[in-house]
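To start, the structure under review is shown below, and the notes come after it.
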Amino acid sequence: MVAWMSAADLSADAGRCWLDLGDPTRADAAIGGGLTELDPRRAHTKAVFLTYRAESALRRKDAQAAAADARTALDTALGSGARRCIELISALIRCWGALTEPSLVELREYAHERLAG
């Protein structure tokens, strides 16, 4: 194991792999484990993990969970000032632009307000 990788990183990375392999249920479990184990001082990483979990939730057809995680990811990224994290969550929200579920519409409006200010 690489010295700088924590158990949280490995778990969330495994979740990203499960997501890429088309298994959002396993992805959600692994990413959730990574979030649980993550040092609270690692806000940048938390934003990334939440972005992955938001994507996983939408693939599981849970728009409300996806919107909630995406909103928290956006707030966390903006709070940390990490440009890469802001771009990552912003890109995911833009990809959901054609979706009409109320929670996702509200998320897009919220993101537009937060990113414009």
Distance from [X] atom [atom1] to [Y] atom [atom2], nearest 0.5 Å?
{"X": "Arg16", "Y": "Arg53", "atom1": "CZ", "atom2": "CZ", "answer": "14.5 Å"}
{"X": "Asp62", "Y": "Glu101", "atom1": "CG", "atom2": "CD", "answer": "10.5 Å"}
{"X": "Leu35", "Y": "Arg42", "atom1": "CG", "atom2": "CZ", "answer": "11.0 Å"}

Evaluate the side-chain proximity of [Y] to [X]: yes if any heavy-atom separation is below 4.5 Å, no if none is.
{"X": "Tyr110", "Y": "Asp75", "answer": "yes"}
{"X": "Leu58", "Y": "Leu104", "answer": "yes"}
{"X": "Arg60", "Y": "Glu55", "answer": "no"}
{"X": "Leu92", "Y": "Ile89", "answer": "yes"}
{"X": "Leu115", "Y": "Leu74", "answer": "yes"}
{"X": "Leu21", "Y": "Arg26", "answer": "no"}
{"X": "Leu19", "Y": "Asp28", "answer": "no"}

Any idea which heavy atoms bring [X] and [Y] closest together, and the distance?
{"X": "His44", "Y": "Cys85", "result": "O-SG, 3.3 Å"}
{"X": "Ala70", "Y": "Trp96", "result": "CB-CZ3, 4.0 Å"}
{"X": "Thr76", "Y": "Leu50", "result": "OG1-CD1, 4.3 Å"}
{"X": "Ala73", "Y": "Thr51", "result": "CB-OG1, 3.6 Å"}
{"X": "Ala14", "Y": "Ala30", "result": "C-CB, 4.3 Å"}
{"X": "Ser80", "Y": "Ala43", "result": "CB-CB, 4.0 Å"}

Any chain of hydrophobic side-chain contacts (each under 4.5 Å) joining Leu78 to Leu107? yes
How about Ser6 and Asp9: does a side-chain donor come under 3.5 Å of a side-chain acceptor? yes
Donor + acceptor pair across side chains of Asp13, Tyr52 (<3.5 Å): no
Counting only heavy atoms from other residues, nucleotides and ligands, does the tally under 6.0 Å from CD of Glu106 exceed 12? no
For Gln64, does the CD atom sit with more than 12 other heavy atoms under 6.0 Å from it, leaving out its own atoms? no
Run the salt bridge (charged side-chain N to carboxylate O under 4.0 Å, His left out) test on Arg108 and Glu113 for me, step by step, so that the C-alpha distance in whole Å, both residues' side-chain angles and the decisive distance to 0.1 Å come before the verdict. CA-CA 9 Å; Arg108 285 193 302 274; Glu113 290 172 10; over 6 Å; no
Could you check whether Arg114 pairs with Glu109 (Lys NZ or Arg NE/NH1/NH2 to Asp/Glu carboxylate O, under 4.0 Å)? no
Evaluate the criterion side-chain contact (heavy atoms from CB on, under 4.5 Å) for residue pair Val48 and Arg84; output intermediate values, then yes/no. CA-CA 9 Å; Val48 172; Arg84 178 181 157 267; 3.8 Å; yes
So does Asp69 get a backbone contact from the side chain of Thr72, meaning a donor-acceptor N/O pair under 3.5 Å? no
Output yes when a side-chain donor or acceptor of Ser11 lies under 3.5 Å from a complementary backbone atom of Ile31, and no otherwise. no
